[in-house]
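Read through the structure below, which is laid out as structure tokens, and then see the notes.
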Amino acid sequence: MDNQSIFKYSWEILPKKWVHKMKRSEHGNRSYTNTDYPFPLLCFLKWHTYTRVQVSIDICGVDHPSRKRRFEVVHNLLSTRYNSRIRVQTSADEVTRISPVVSPFPSAGRWEREVWDMSGVSSINHPDLRRISTDYGFEGHPLRKDFPLSGYVEVRYDDPEKRVVSEPIEMTQEFRYFDFASPWEQRSDG
């Protein structure tokens with residue numbers, strides 16, 4: 001069964017409340033679902049005869065601050081049997097929690113932890129939802145567009161104290177004078 005056949009079959013057989021839109025491209029199929037249905041949809045894709053998705057390649061979070069549901073969680077899947085890639089996308093806001101997919105794909109636990117750590121999208125009843133890429137005392141989620149580029153704290157090694165010190169960042173800037181005139185142009189003073 002080729003990629004186009006999987007696409008057509010999935011669109012016909014899947015309940016419309018699970019998938020509200022599907023797209024096909026040369027790189028794979030995309031399915032757009034609500035926050036309540038990633039788990040049943042991924043279970044279907046894993047165990048159904050005509051899809052047989054064996055690998056959850058990764059899960060990533062994308063921040064779109066201008067949207068009402070600003071976060072998009074993307075599950076990238078691979079069916080080695082049919083040589084096809086399937087992308088399942090769902091949108092969530094800051095308070096909506098998505099269903100975890102750790103039981104059908106055990107490797108997804110690590111990716112879901114990273115999505116929560118970096119973007120702040122949490123999973124309902126996740127078996128081990130704790131920080132994975134940032135320090136345990138870290139505040140905020142660094143891949144959010146509203147996160148400051150410099151962060152909130154500075155971590156450095158203090159040589160006299162012989163330990164790592166965390167301090168709030170102070171952004172001080174001295175007054176600078178900018179001369180916007182080009183140095184190559186002649187100025188007439190007088």
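None of these values were measured; they are calculated from a predicted model.
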**Prompt:** Hey, does Asn34 have a side-chain heavy atom less than 4.5 Å from the side chain of His20?
**Reply:** yes
**Message:** A side-chain contact here means heavy atoms from C-beta on lying under 4.5 Å apart; do Leu77 and Leu42 qualify?
**Reply:** yes
**Pairing of Glu114 and Arg110 as salt bridge, 4.0 angstrom limit** = yes
**Prompt:** Are Val102 and Val115 in one and the same hydrophobic cluster, where Ile, Leu, Val, Met, Phe, Trp and Tyr link if side-chain heavy atoms are under 4.5 Å apart?
**Reply:** no
**Sidechain-backbone polar pair: Ser123 side chain, Pro100 backbone, donor-acceptor under 3.5 Å** = no
**Request:** Could you tell me whether a side-chain N or O of Asn76 sits under 3.5 Å from a main-chain N or O of Arg87, the two making a donor and an acceptor?
**Result:** no
**Prompt:** Run the side chain to side chain contact (heavy atoms under 4.5 Å, CB included) check on His126 and Arg97 step by step: do they pass?
**Reply:** CA-CA 10 Å; His126 192 279; Arg97 300 172 74 188; over 6 Å; no
**Asked** Between Lys17 and Tyr37, is any pair of side-chain heavy atoms under 4.5 Å apart?
**Response** yes
**Item:** Check: Thr90 side chain, Thr33 main-chain N or O, donor-acceptor pair, under 3.5 Å
**Value:** yes
**Arg52 and Tyr82: CA distance, side-chain angles, deciding distance, side chain to side chain contact (heavy atoms under 4.5 Å, CB included) verdict** = CA-CA 8 Å; Arg52 295 284 186 198; Tyr82 297 113; 4.1 Å; yes
**Asked** Under a 4.5 Å side-chain heavy-atom rule over Ile, Leu, Val, Met, Phe, Trp and Tyr, are Val88 and Phe39 clustered together?
**Response** yes
**Message:** For Ser91, is there any backbone N or O sitting under 3.5 Å from a side-chain donor or acceptor partner on Arg69?
**Reply:** yes
**Request:** Keeping the roles fixed (side chain from Arg113, backbone from Arg131), state whether a donor-acceptor pair exists under 3.5 Å.
**Result:** yes
**Item:** Contact check, side chains of Lys46 and Gln54, non-hydrogen atoms, under 4.5 Å
**Value:** no
**Asked** Measuring from Leu78:CG to Ser56:OG, what's the distance to the nearest 0.5 Å?
**Response** 10.0 Å
**Request:** Please answer: with hydrophobic residues joined when any side-chain heavy atoms are less than 4.5 Å apart, are Leu41 and Ile13 in the same cluster?
**Result:** yes
**Message:** Side-chain heavy atoms nearer than 4.5 Å, only ILVMFWY residues, links allowed to pass through others: does that put Met118 and Trp111 together?
**Reply:** no
**Message:** I'd like to know whether CD of Glu139 has more than 12 heavy-atom contacts from other residues, nucleotides or ligands below 6.0 angstrom.
**Reply:** no
**Message:** Membership question, hydrophobic clusters at under 4.5 Å side-chain separation (ILVMFWY): are Val101 and Phe44 in the same one?
**Reply:** yes
**Request:** For His64 and Ser66, indicate whether the former's side chain and the latter's backbone hold a donor-acceptor pair under 3.5 Å.
**Result:** no
**Message:** Using side-chain heavy atoms (C-beta onward) and a distance below 4.5 Å, is Gln89 in contact with His75?
**Reply:** no
**Message:** Just so I know, are the side chains of Ile59 and Glu112 near enough to count as touching, which here means a heavy-atom distance under 4.5 Å?
**Reply:** yes
**Prompt:** Do side-chain atoms of Asp93 reach the backbone of Lys68 as a donor and acceptor pair under 3.5 angstrom?
**Reply:** no
**Prompt:** Is it the case that more than 12 heavy atoms not belonging to Lys145 sit under 6.0 Å from its NZ atom?
**Reply:** no
**Neighbour count >12 (heavy atoms, 6.0 Å) for atom CG, Asp146** = yes
**Asked** Given side chains that start at C-beta, do those of Asp63 and Leu143 come closer than 4.5 Å, heavy atoms only?
**Response** no
**Prompt:** How far apart are the C-alpha atoms of Lys23 and Asn29, what are their side-chain angles, what is the distance that settles it, and do they pass the side chain to side chain contact (heavy atoms under 4.5 Å, CB included) test?
**Reply:** CA-CA 6 Å; Lys23 288 184 181 177; Asn29 300 326; over 6 Å; no
**Message:** Please check if the number of heavy atoms outside Asn83 that lie under 6.0 Å from its CG is greater than 12.
**Reply:** no
**Prompt:** How long is the gap from OG on Ser122 to CH2 on Trp116, to the nearest 0.5 Å?
**Reply:** 8.5 Å
**Asked** Is a side-chain N or O of Asp158 found less than 3.5 angstrom from the main chain of Val164, in a donor-acceptor match?
**Response** no
**Asked** Just by distance, with hydrogens left out, do Arg163 and Tyr157 show a side-chain donor and acceptor under 3.5 Å apart?
**Response** no
**Side chain to side chain, Arg70 and Arg144, heavy atoms closer than 4.5 Å** = yes
